[in-house]
Amino acid sequence: MSIIVFTILLLLGAYCAGLLGSLTGLGGGVIVIPLLTLVFGIDFHYAIGAALVASIATSSGSASAYVKEGMTNIRLGMFLEIATSIGAVIGAAVALWMPTNGIAIVFGAVLLLTIALQFRQKADYVNVKGSRLAMKLKFFGSYPTKEGRSHKYELTNVSGGFSVMVLAGALSGLLGIGSGALKVLAMDGCMKVPFKVSTTTSNFMIGVTAVTSAVVYLQRGYIEPGLAFPIMVGVLAGAMSGAKLLKHLDVKVLRKIFAVAILLAALNMIYNGIIGKF
């Protein structure tokens, strides 16, 4: 296969990954890693490096829009980035010596967890009394509603959310995915942040976490420009297309269909990791 054909296939595959990731809320990295490793047979470490670069691009593009809309809690996001950055460095360091078959098994398990978290009941907390630490750190705010009003909120259990964020960052560095599902779980489940705020703040944080992990991979030479660039362009273009199509498609049906595909990819990853194929 020539370099031109290979690059075109990477662009098309990454575009589909970004499109589906945007429509389902799972992110392109969840699809890019299986695409590169299972379909193209690329080494796991190089696949993770390319996925991290793509995460930086897509997070930066979408996060700016949410910040303008006033959905993102920037103060909370910057604080929790301390936890995810620490975890990301640890995860990236572990990934460099961990056997690729082991990474594949962990990746498959995280995919299963991500699917489960996608379909859990999403509660929009109201009348939450902020904890003393949360109020002291000024982790409260407001977000615009569909009616054009401003809905105020407070949050709690800062230490619990911080702890889960360390784990989310570690998985991001280890696997090259945004770990958005775990970030949302930390804010939505532990800290009782309204779902709209937790998802947008998570998106704001993903790029910073990916940069931290990418530095480690870059130092070890696992970010190959010829691979990372077409993946980044394709995923970003797909994510932008997905944002436009989101208003016209029945996302609930799409998520169910896509969940089956991700389930099969997860099981395939775990199986190939166990038999030592990677």
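Residues: numbered from 1 along the sequence shown. The figures that follow rest on heavy atoms only: side chains count, while hydrogens, waters and symmetry mates do not. All of these numbers come straight from a predicted model, not from anything done at the bench.
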Side chains of residues 77-91: which donor-acceptor pairs under 3.5 Å do they make with residues two or more places apart or in other chains?
unit_1	atom_1	unit_2	atom_2	d
Glu81	OE1	Thr84	OG1	2.7
Glu81	OE1	Thr209	OG1	3.4
Glu81	OE2	Thr209	OG1	3.2
Thr84	OG1	Glu81	O	3.2
Thr84	OG1	Thr209	OG1	3.2
Ser85	OG	Glu81	O	2.7

Once you round to the nearest 0.5 Å, how far does [atom1] of [X] lie from [atom2] of [Y]?
X      : Y      : atom1 : atom2 : result
Cys16  : Leu35  : SG    : CG    : 8.5 Å
Met165 : Cys190 : CE    : SG    : 9.0 Å
Leu11  : Met232 : CG    : CE    : 10.5 Å
Leu96  : Ile48  : CG    : CD1   : 9.0 Å

Taking the side chain from [X] and the backbone from [Y], do they hold a donor-acceptor pair closer than 3.5 Å?
X      : Y      : result
Arg75  : Leu137 : yes
His45  : Arg220 : no
Asn272 : Asn268 : yes
Ser172 : Ala168 : no

Is the closest side-chain heavy-atom distance between [X] and [Y] below 4.5 Å?
X      : Y      : result
Thr37  : Thr100 : no
Lys129 : Thr156 : no
Met187 : Val164 : no
Phe6   : Pro230 : no
Phe139 : Val158 : yes

Going hydrophobic residue to hydrophobic residue with side-chain gaps under 4.5 angstrom, can you get from [X] over to [Y]?
X      : Y      : answer
Ile231 : Ile8   : no
Ile74  : Met191 : yes
Phe40  : Phe229 : yes
Leu133 : Phe140 : no
Tyr217 : Val215 : no

Which heavy-atom pair separates [X] from [Y] by the least distance, and what is that distance?
X      : Y      : answer
Ala50  : Leu36  : CB-CD1, 4.2 Å
Leu52  : Ala210 : O-CB, 3.7 Å
Ala104 : Phe44  : CB-CE1, 3.6 Å
Ile270 : Ala109 : CD1-N, 3.9 Å
Asn101 : Gly273 : CB-O, 3.4 Å
Ala228 : Ile223 : CB-CG2, 4.2 Å

Practice task
Return the set of residues passing side chain to side chain donor-acceptor pair (under 3.5 Å) with Ser213 (not counting sequence neighbours), or none when no residue passes.
Solution key: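 Residues passing side chain to side chain donor-acceptor pair (under 3.5 Å) with Ser213: none at all.
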Problem - Derivation and outcome, side chain to side chain contact (heavy atoms under 4.5 Å, CB included), residues Ile33 and Leu175 - result: CA-CA 8 Å; Ile33 300 293; Leu175 306 175; over 6 Å; no
Problem - Residues Leu38, Met269; criterion side chain to side chain contact (heavy atoms under 4.5 Å, CB included); working and verdict - result: CA-CA 8 Å; Leu38 296 176; Met269 278 280 186; 4.2 Å; yes
Handout entry: Donor-acceptor pair between Asn73 and Tyr153 side chains, under 3.5 angstrom
Key =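 Result is yes, a qualifying pair exists.
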Exercise for the section: Please test Val235 against Val32 for side chain to side chain contact (heavy atoms under 4.5 Å, CB included), starting from the C-alpha separation and ending with a verdict. Expected result: CA-CA 9 Å; Val235 170; Val32 165; 3.7 Å; yes
Practice task
May I ask you to check whether over 12 heavy atoms, not counting those of Ile275, lie within 6.0 Å of atom CD1?
Solution key: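 Yes, the 6.0 Å shell around CD1 holds more than 12 heavy atoms from other groups.
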